[in-house]
Amino acid sequence: MTNKKLLLIDGNSLAFRAFYAMYNQLDRMISHEGLHTNALVAFNNFLDKIVDPMAPDLALVAWDAGSGKETHRGKLFPEYKDGRSKVPEEFKEQFPYLREMVMLHGLRNYEQAGLEADDIIGTYSRMGEAAGYSVIIVTGDQDLTQLATENITVNVTKKGVTDIESYTPAYIKEKFGLTPDQIIDKKALTGDTSDNYPGVTKVGEKTALKILAEYNNIDNLYDNIDKMKQSKMKDNLINDRELAFQARELATILTDAKLPLPLEEMEYRGVDFEKIIPFYENLDFKQHLAKIKALRKSGQLENTKEFDNGVNFVELKENNLRAIAMLGDKISVHIEFVGDNYHEGEMIGFAIGNPEVGYYASRDISLLQTEELKSVIENDQILKNVFNVKAQLVLFKRLGLALKGVSFDFMLVAYLLDTVANDNVLSTLAQRFDVYLAPDEDIYGKGAKFTVPTDTNLLLSHIAHKADGLFKLEKPAFTELKQHEQTHLYTDIELPLAFVLADMEYQGIKVNPEYLRNKGKDLSERIADIQSAIYIEAGEEFNLNSPKQLGVLLFEKMGLPVIKKTKTGYSTAVDVLEKLAPQAPIVDHILQYRQLAKLKSTYIDGLLSVIYPKDSKIHTRFLQTLTQTGRLSSVDPNLQNIPMRSEEGRLIRTAFIPSHPDWQIFGADYSQIELRVLAHVTGDKNMQKAFLNGEDIHAETARAVFGLADDAVVDPLKRRTAKAVNFGIVYGISDYGLANNLGIPRAEAKRFIDTYFQEFPQIHEWMNTIKTFAHEHGYVETIAHRRRYLPDIQAKNFNLRSFAERTAMNSPIQGSAADIIKIAMIKVNEALRENNLQARMLLQVHDELIFETPVDEIDELTEVVTNVMDSAVALDVPLKVDAHHGDTWYDAK
DNA sequence: AGATTCACG
DNA sequence: ACGTACGTGAATCTA
């Protein structure tokens, strides 16, 4: 059905692009022999990513012979290519290697005296077309688009060498309104500065397109030039008539050159792995060598013609559904969906299977709902490998299925192994384990150009490869997990938590859009009022949302003192504006404007835009594998930063309501969890005693730091100061930071800290111990062995190193608190089920859990939730939980 | 795409 | 002497 393929590559223009695509790497990419390799690396990427997967039947890389002077164009026009800047030495030295690389990738090099690469390509493209081939041209030179026909596609690099724009006659028509032939006429009129031939004076691309739209070609143009209305352009056209016809000749690519090499001699042979290894070694292509090694190990290098033949898959159809039952008790499952948001992203295909039996894949998602598939998906005795279990759980829920038996989630394991290197992308995470999968970008393109391939084989092969990759990854990933002593963390915390989170997200939280809309109207009016007041006070209108324009007004026009600067100019952040407020009434108005504008755009408009009309609910996604500490984060929308601190903002919470009548919102939060964790992990007896006695910890800290009697009443300022010190300790204290926060001199801050450490000596000791541990091991751990690597702990740069040290102190605290609430969530969910409660957990906000519940369950729920939470993990200090409920989230306080 | 600002724990 | 408080996400402006 598909034609045989002839691939023609414009070697010079692509090599040139390759060189400049990685020009910024020039000094970094030097082989041990001192050879620059930037163009070689980029060209090799092009061959790996574009040519090898395409597997053409015939392939040729055409090169220019000599400087261009001896070519037929040079003879026509002696100044041809004069004035070209000299080819850089660093580029020239890579040329011989380029040709060898081409050969080792199984393509033929070709050049011929008197011809340029484009003439070779022009001629062979016509020969190939005549012989019935689909011809694919790849070049960096847009002029070659003149060669496009129904059977000849011209791919022109846009950026770098792998980002390509495909020119077909239809595309050229759409883009320029021209036929491929008219590309030549366009060039005749505009000329070519880089090849040093002029066209018609003052005619550029725009004018040329206009002329051609009217006259079709330059023959017709000059036949009718007398009838053209008098204009400067007409004079130019008449004066430069000769130049135009000369330019046309120069721009015309030969399609009938005499070329001795017959098509049959261009057979594409694929990569010669034997010979390319020493070649890569010589150039220090470490990445590529690793890739080959991995392929060889997995036995994929038997057949060198097919670069990628390791995964067998069969398209699943109605008539072979029965085969699924024969896969056995261990499989990979993967539903592929579009975008990040699995609540709404379109499911475009799936694969299921294992290396022993093979893989079954289909675009037809409804096949998953057949009895044959359902009985496998929902069977918890059939163990499954997946990537991102939470996403797969939600996708299956959307299909009415309950995925069970998941044992290996590569995304979760990879995150636990190294939060720093984690980018949540299967193909890149797999590389760390020497498993090579095509990046999604290679299959779908990226950004606005994302498209699901129409080629079913290509799509299903990609998905099947993912499923297969999970099998290759399982063993090495689990081995490392065990070495880290993180098996418990994975099996008993993160994996079960994913199921809990999937339920919460899928359940969603109900929102009252009416409330938000009314609040929005109110805010709009008030924002408009404040805005006009500000404009009057400023004496001009400007963009209030622009810190830059605001800075000019406040600090230049009004001459207010500059308190803080940012990288780009004056800071206009709250703390700065608050200091300026007494000096000018406008500043206070700006602060009001900022607050209301934030509420309107982020919380009113933002939330309204993510309510699902179907159920009037918001379905956030909790990112389980993102933070460096083990906390969750929440996106689309973020429901972990709904306003609370200001009353005006807190009212937003009124919009969050139960999904049934006679239900309420219920919240339970840990009190001072991080300080309790601090008391536990440091073993500090004084702080532990405060918690064991149920003291107000900040007041107790104040008594210690200010040397007050045990029963002394603590005034609010001292308590506030002590609270800030406590926070500072948790954040990995420094006198500078504390001084800044409290607005006190550094020396005073230092005294607070010194006294604090005297009063809580084991905290001091622990801070030193943990920093030493980080220096020695390069990472720190939580109570559940959650690990955070700190590569900067050895940095020479003071800032980087200090930051790493503070992180070493903070992460075990913040991370252990995260461990605790995660364990609590799993246990709470179990307890709800065991107690036959209808209440549902909806949100987690780091130290609190939000539920919706029937009113008549509230007493029991309070009992169950607080008990489970405060006993989730046994620490050396008690955990305290407070619970609240009300008709809306706002009222649950 | 990066910087700034501000919302939360 | 150095000069940042820890962890996040969204909206907006600017280049």
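Residue numbering restarts at 1 for every chain, and letters A, B, ... go by the order of the sequence lines.
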For B:dT4 and A:Thr566 - does any side-chain N or O of the residue sit under 4.0 Å from the phosphate oxygens OP1/OP2? yes

Below the 4.0 Å mark, does C:dG9 have OP1 or OP2 next to a side-chain nitrogen or oxygen of A:Ser633? yes

Can you see if the side chain of A:Ser546 gets near the phosphate of C:dT14 - specifically, an N or O under 4.0 Å from OP1 or OP2? yes

Side chain of A:Thr627 - closest among C:dT8, C:dC13, C:dC6: C:dT8

Presence of A:Asn545 side-chain N/O under 4.0 Å of C:dC13 phosphate oxygens OP1/OP2: yes

Roughly how many Å apart are B:dA3 and C:dT4, using the P atom of each and rounding to a whole number? 15 Å

Just to confirm, is there a sub-4.0 Å distance from OP1 or OP2 of C:dA5 to any side-chain nitrogen or oxygen of A:Arg806? no

What about A:Gln814: does its side chain form a donor-acceptor pair under 3.5 Å with the base of C:dC6? yes

Distance-only donor-acceptor test, A:Lys548 side-chain atoms vs C:dC13 base atoms, 3.5 Å: no

Would you tell me if any nitrogen or oxygen in the side chain of A:Arg645 comes within less than 4.0 Å of OP1 or OP2 on B:dC6? no

Looking at B:dA3, I'd like to know if its phosphate oxygens (OP1 or OP2) sit under 4.0 Å from a side-chain N or O belonging to A:Lys567. yes

Would you mind pulling out the nucleotide paired to B:dC6, Watson-Crick or G-U wobble, both distances under 3.5 Å? C:dG9

Going by modelled atom types, is there a donor-acceptor pair between the base of C:dG9 and the side chain of A:Arg621 at under 3.5 Å? no

For the base of C:dG3 and the side-chain ring of A:Phe798, does the geometry meet a stacking cutoff of under 5.5 Å between centres and under 30° between planes? no

Let me know the distance between CD1 of A:Ile744 and C1' of C:dA5, rounded to the nearest Å. 13 Å

So does A:Arg594 get a side-chain nitrogen or oxygen closer than 4.0 Å to the phosphate oxygens (OP1/OP2) of B:dC6? yes

So, is A:Ser571 near the phosphate of B:dT5, with a side-chain N or O under 4.0 Å from OP1 or OP2? yes

Would you say a side-chain N or O of A:Thr629 is under 4.0 Å from OP1 or OP2 of C:dC6? no

Provide the Watson-Crick or G-U wobble partner of C:dC2, both distances under 3.5 Å; none if there is no partner. none

